[in-house]
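See below for the structure under consideration.
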2 protein chains.
Amino acid sequence: MVDNQIEVCNCGEIHSEELQKIRTEMPDVTLIHRLADFFKILGDPTRITIVFALLEKEMCVCDIATLLNMSQSSISHQLKTLKIARLVKYRRSGKTIFYSLDDRHIDEIVSIGVLHTKEGNDGK
Amino acid sequence: MVDNQIEVCNCGEIHSEELQKIRTEMPDVTLIHRLADFFKILGDPTRITIVFALLEKEMCVCDIATLLNMSQSSISHQLKTLKIARLVKYRRSGKTIFYSLDDRHIDEIVSIGVLHTKEGNDGK
DNA sequence: TGTATATATGAATATATGTTCAATTGCACA
DNA sequence: TGTGCAATTGAACATATATTCATATATACA
């Protein structure tokens, strides 16, 4: 990324040296993109519901589909997304494949999300 | 939502009584949607960068735009999104408007996200 | 080896969403 | 009151993405 900054305004509320200092304290671009990708995973109702389900116990694809009342194909697609993001892992047992959570931070992060959600108790 | 479940398979890995039990332990649909909306907010590089910036100090719109090297309009749009989601608040001071974080859980949740991101240290 | 079952995959479609561009609003100050 | 600046807003556009449908894999079992 080239460093030619847009000249936006002259408000000068923060001097450019301070902006420069803040810039050095910010996480690097790669980390930010990975972080955003991580949160994006949890930002879909289907996927986070799957996470909640797997928080209860390991399940096979068709169990999850039945639980969520959705097609097996769409669950499979979402599980693939979760798998790539390393949020779930799987094991094969004959014909069926069991999925389970693969991140020890997930319950923690989801719990905090619930806190935030319940505090802002507005009708959306 | 009607409760006519799709009959997906007969794998029967989990009996329907157990699925029913798990169903009762799952968060309700409204909470899940709010949670997904919350995580979706953090699931965009621009928005999470804004959050990181505001973690450092309160800033006006043009400062953020300069810092992120983005147009002031797009920052303003994103700030509106963050505002609606109650992640940021603002105060007016003359012509400029200062934004700051409005959620005491944010640094916590972002920190855990960073943990997850750094542990899965694959080259994506 | 052939059939049945659980899961995965690819293409297509519909929808959601981030940024830009062109205005407009709100406040300050001369 | 009128000009200037910071910020907001709405429409348009391009891109991303969730689900569906049809089909392909992979394993079990007869």
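Below, read A as the first sequence line, B as the second, and so on, with proteins coming before strands; counting in each chain starts at 1. Values below: every heavy atom of this structure, side chains too, minus hydrogens, waters and symmetry copies.
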Item to check | Rounded interatomic separation in angstrom, taking CD1 from A:Ile50 and P from D:dT19 | outcome: 9 Å
Checklist entry - Would you call the rings of B:Phe39 and A:Phe39 parallel, tilted or perpendicular if under 30° counts as parallel and over 60° as perpendicular? => result parallel
Next on the checklist: Please determine whether a side-chain nitrogen of the Lys or Arg among B:Glu119 and A:Arg86 lies less than 4.0 Å from a carboxylate oxygen of the Asp or Glu.
Outcome noted: no
Checklist outcome for this item: The nucleotide from D:dT20, D:dT8, C:dT19 with an atom nearest the side chain of B:Met70 is C:dT19
Next on the checklist: If the threshold is 4.0 Å, N to carboxylate O, is there a salt bridge linking A:Lys21 and A:Glu17?
Outcome noted: no
Next on the checklist: So, OP1 or OP2 of C:dT17: does either fall under 4.0 Å of a side-chain N or O from B:Arg47?
Outcome noted: no
Checklist entry - Considering only D:dT17, D:dT8, C:dA8, which nucleotide approaches the side chain of B:Tyr99 most closely? => result D:dT8
Checklist entry - What's the CD1-C1' distance between A:Ile75 and C:dT9, to the nearest Å? => result 16 Å
Checklist entry - Does a side-chain N or O from B:Arg92 land closer than 4.0 Å to OP1 or OP2 of D:dA7, or not? => result no
Item to check | Any donor-acceptor N/O pair under 3.5 Å between C:dT19 base and B:Ser73 side chain | outcome: no
Item to check | Distance test, side-chain N/O of B:Ser71 to OP1/OP2 of C:dT19, below 4.0 Å | outcome: no
Checklist entry - Are A:Tyr90 and C:dA8 close enough that a side-chain N or O sits under 4.0 Å from OP1 or OP2? => result no
Item to check | Distance, rounded to the nearest Å, where B:Asp63 contributes CG and D:dA6 contributes P | outcome: 10 Å
Next on the checklist: Quick check: do B:Asp63 and B:Tyr99 have side-chain heavy atoms less than 4.5 Å from each other?
Outcome noted: no
Checklist entry - Do A:Glu58 and A:Arg91 sit within salt-bridge range, that is, some charged N less than 4.0 Å from a carboxylate O? => result yes
Item to check | Nucleotide nearest B:Lys80 (side chain, heavy atoms from C-beta), chosen from D:dA18, C:dA8, D:dT9 | outcome: D:dT9
Checklist entry - To the nearest angstrom, how far is B:Leu82 atom CG from D:dT8 atom P? => result 12 Å
Item to check | Contact nearer the 5' end of DNA chain D, comparing A:Gly94 with A:Thr46 | outcome: A:Thr46
Checklist entry - Quick one: the side chain of B:His77 and the base of C:dT20, do they pair up donor-acceptor inside 3.5 Å? => result yes
Item to check | Presence of B:Lys95 side-chain N/O under 4.0 Å of C:dG26 phosphate oxygens OP1/OP2 | outcome: no
Checklist entry - Would you say D:dA6 has OP1 or OP2 under 4.0 Å from some side-chain N or O of B:Gln72? => result no
Item to check | Cationic tip of A:Lys83 above A:Tyr90 ring, under 6.0 Å, 45° of axis | outcome: yes
Checklist outcome for this item: To the nearest angstrom, the CZ-P distance between A:Arg91 and C:dA6 comes to 16 Å
Next on the checklist: I need the NZ-P distance between B:Lys40 and C:dT17, as an integer number of Å.
Outcome noted: 5 Å
Checklist entry - Atom CG of A:Leu42 to atom C1' of D:dT17: distance rounded to whole Å? => result 16 Å
Checklist outcome for this item: Among the nucleotides D:dT19, C:dT7, D:dA6, whichever has the atom closest to the side chain of B:Thr96 is D:dA6
Checklist outcome for this item: Which of C:dA8, D:dA7, C:dT19 is nearest the side chain of A:Lys83? It is C:dA8
Checklist entry - Rounded to the Å, how far apart are A:Asn69 CG and D:dT20 P? => result 10 Å
